[in-house]
There are 2 protein chains.
Amino acid sequence: MSVGIRHDDLRRRNRAMVISAVRRAGQPSRTEIAATTGLSHSTISAISSDLIQEGILTESKPSETASLKRGRPQVGLGLNPEATAVMTVVLSLNFLSVAVIDYAGQVIAEEQRRLDTLTMPRDELIGECTAIVRRRFEDPDLDVRSVARIAMGIQGITDTHARAMLWSPITSQTDIPFADILEGEFGIPATMENDCNMMAVALQWRDPERYRDDFIAILLSHGIGMGLVLKGELFTGTHSSGGEFGHMIHRPGGALCRCGRRGCVEAYAGNYAIWRNARMMSEDAEPADVGDADMRALAARARESDGPEREAYRKAGEALGFGLGSLFALIDPAPVAMVGVSAAAFDLIEPALREAIAQTAGGQHSKSISFDTEPNELPLIREGCAMRALGFVDQEIFAPGVQVKPGKHVA
Amino acid sequence: MSVGIRHDDLRRRNRAMVISAVRRAGQPSRTEIAATTGLSHSTISAISSDLIQEGILTESKPSETASLKRGRPQVGLGLNPEATAVMTVVLSLNFLSVAVIDYAGQVIAEEQRRLDTLTMPRDELIGECTAIVRRRFEDPDLDVRSVARIAMGIQGITDTHARAMLWSPITSQTDIPFADILEGEFGIPATMENDCNMMAVALQWRDPERYRDDFIAILLSHGIGMGLVLKGELFTGTHSSGGEFGHMIHRPGGALCRCGRRGCVEAYAGNYAIWRNARMMSEDAEPADVGDADMRALAARARESDGPEREAYRKAGEALGFGLGSLFALIDPAPVAMVGVSAAAFDLIEPALREAIAQTAGGQHSKSISFDTEPNELPLIREGCAMRALGFVDQEIFAPGVQVKPGKHVA
DNA sequence: CTCTTTTTTTCGAGCCTCGAAAAAATACTG
DNA sequence: CAGTATTTTTTCGAGGCTCGAAAAAAAGAG
């Protein structure tokens, strides 16, 4: 069962609520905050004056929404950009990037770097990651002590506690405890996040109307990944980052997947699988890396004529459709965002995908399921990491100590 | 975002915590409750003396665990059986049962009845359900006003809010708002629960060691159903009861399922599917009802000789294995309880099932996944309904009013 | 310049939890 | 059998938190 509520938790939680309301709403007045949180004006007044005093919030004086109304004008509350900063590190295939983000969410410094992740030995890979972070800290413009959190995102499987990369397609290395490494190196709390989960987090912030309580973000790239939000919360597996949509079984004993098994969705819909089918290679052919440019050229050819390229995309759509259908049997249909280079070829994928879904339990709603596409995953992953890190800071700045004890579950 | 915590919520929640601790632990002393909830002894003392005064808890004097220790002996706190009562109604294929359960969880009255659910018209089906409940209320031994909740369980799909049956294999009727019907008829709050979810709830109470944070209950009967507990909480779909494991796609375009689609797991592992395969009928053959006795005879024949019967169970195991494998790709492996008549034939199913799982993303753990079997689902469903109803009562008795406002989700 | 309206702050009241100390209830000891 | 030690439970005052009501502040309207 979850633990009882102590008297001191009360303030802590309500402070959290106020900060979260401000981060979400932009420049809300105290009155608006009182309305959305359900707390009384007196309480909001007390909490926000504390937060301002502590330098967490700032009053953003007048102007803004031209006050045409009578009465005392509202004064907006905003996050103080200088309250603290966070750092994001995103490691993807052959590419490493880092960014420093202020408390209000603005990027204040960044650096990107190409490197050959696939062949790189373990130590070198870790070394590159720590080095790029170190260079940011050496930047004289940046006050080192202002960085309160590092969130690292990686393509691959991470553990539930967001401490380590367990497996990744971008390197042959496994089980790298990046969070511990970064914390040890820089003495700043760090987490290791799954790329697709961060995409989902970012979508939630980018378009809260559309991506709110339930939605799915699917990465269509070299591999197939998924970030899933259910009832407003990121869904993770019980041991790992979870949601290995790409490795649901599409055809038992079917095409060879990069993971070594057969018949996974990814073995039909990953870049290498589309490439393999478009070239009419065997379904057992070893998965090969395909560049984004090659994939775009492939899509162009598929649009031109009805040859094996188009058929390859059709097969990808079918695999994705049946996979989504099975998923929808479990969680009910939800809006889907397709992200990554093959999302730019979604026009080639969609017909077969919808046809497949229509044959599944999700089928009755197949027409109403809406798809969005976003070809570029990296900015999304970075945004997600930033929001995640800021979220942790929000929770920690106001909660000096006093964390819930690990309790048993509740009925 | 979720709503702020009011000062009065504090007591409400801590009262809930105490009641829940007592329901879970049996006869805990105040000291034990203080330990598990993390609240101070003074607080527990205050809350429990309130609860005793209100007739919700009782002090179960001494004896019990022979107090060999020095010092003042602990006095156990228990639920007062007379505090209130709940009623469960379970509707399954050709069978309707009702039970009255006291606040401590003991059955105090019950009635069961056979009826032909498949052919029964809508009004008659509803009429039978209300009539059996009415008969309980007419029992002079029962104080009508003591029943505070009705939980109805049904095989089939229910909506997220536990108000209505949307679809069920036991009748051709759809969208029956049983919760509203019972509330309207008897003026007592009611819910409409999915059978497999209730099985999962019951398992959690029966064996909290084994079935705690993450586990799966699978109903192997006429159809294939699933109840899923993740991170200690019942997992439901966003619109429906969710977890339609039986209708994940095993083989695209494959065998005909009772739901009208093709290739579902159920079309290979449901009773009718096993029967169809054992008789070497076409996979397109219309699903037919098979009695439990016939299924037991089939299993016996399969054990005797390696004929089509054994092959039918093998196919069922394969379908279940690949389905579980896909599920484990999404949620990580967890203990599984197999429930229902075909769980008694699990020895015939298990080899192929494990072989299939080994070929999937869950494969690396296939050996460590443990299966439990329970051939009789009805008692589980009833227990689950009872615990669910009592849980609601626990929440409502101490929370007179003051419910959280429907809020937006939190970061 | 005064009145009206709206936002924000102030202030006392009422709860709630906590820690410390007291009270209660039993086993151990000689 | 009386006194001591030990453990559980209750009591009591202190400190904090939120709330509602009223006051204060800051504008536009007339």
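Because the structure is a prediction, the values reported are computed rather than measured. Numbered from 1 within each chain, the chains take letters A, B, ... in sequence-line order. Reckoned from all heavy atoms, side chains included, excluding hydrogens, waters and symmetry mates.
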To the nearest angstrom, how far is [X] atom [atom1] from [N] atom [atom2]?
| X | N | atom1 | atom2 | value |
| --- | --- | --- | --- | --- |
| A/R30 | C/dT10 | CZ | P | 10 Å |
| B/R13 | C/dC15 | CZ | C1' | 16 Å |
| A/R72 | D/dA23 | CZ | P | 16 Å |
| A/Q74 | C/dT9 | CD | C1' | 16 Å |
| A/R70 | C/dT5 | CZ | C1' | 5 Å |
| A/R12 | C/dC16 | CZ | P | 21 Å |

Quiz item: Which salt bridge (charged side-chain N to carboxylate O under 4.0 Å, His left out) pairs, counting each pair once, include a residue from residues 35-44 of chain A, with sequence neighbours left out?
Solution: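 The answer is none; no pair qualifies.
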
Practice problem: Between protein and nucleotides 15-22 of chain D, map the contacts as a letter string: B base, S sugar-phosphate only, - none, heavy atoms under 4.0 Å, written 5' to 3'. | Solution: BBBSBBB-

Practice problem: Could you pull out all residues at least two apart from A/T88 that satisfy side-chain hydrogen bond (donor to acceptor under 3.5 Å, both in side chains)? | Solution: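 Per chain and number, A/T88 pairs via side-chain hydrogen bond (donor to acceptor under 3.5 Å, both in side chains) with no residue.
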
Quiz item: Which residues pass the salt bridge (Lys or Arg N to Asp or Glu O under 4.0 Å) test with B/D50, sequence neighbours left out?
Solution: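 Scan of B/D50 (salt bridge (Lys or Arg N to Asp or Glu O under 4.0 Å), adjacent residues dropped) gives B/R11.
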
Quiz prompt | Summary of ring-ring contact (aromatic ring centres under 6.0 Å, His included) pairs that have at least one residue in residues 7-53 of chain A, sequence neighbours excluded | solution =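 Only A/H7-B/H7 qualify under ring-ring contact (aromatic ring centres under 6.0 Å, His included).
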
Practice problem: Could I get the full list of ring pair (Phe, Tyr, Trp, His ring centres under 6.0 Å) partners for B/F215, not counting sequence neighbours? | Solution: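 B/F215: ring pair (Phe, Tyr, Trp, His ring centres under 6.0 Å) contacts with B/Y211.
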
Quiz item: A/N194 and side chain to side chain contact (heavy atoms under 4.5 Å, CB included): which partner among A/T158, A/T236, A/L234, A/D159?
Solution: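 One option only clears the test, and that one is A/T158.
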
Quiz item: On DNA chain D, nearest-nucleotide positions of B/S48 versus A/G71: which is more 5'?
Solution: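 Mapping each residue to its closest nucleotide by heavy atoms, the 5'-most match is B/S48.
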
Practice problem: Give a yes/no answer on whether the side chain of B/T31 brings an N or O atom under 4.0 Å of OP1 or OP2 in D/dT9. | Solution: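 For B/T31, the contact criterion (side-chain N or O under 4.0 Å from OP1 or OP2 of D/dT9) is met.
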
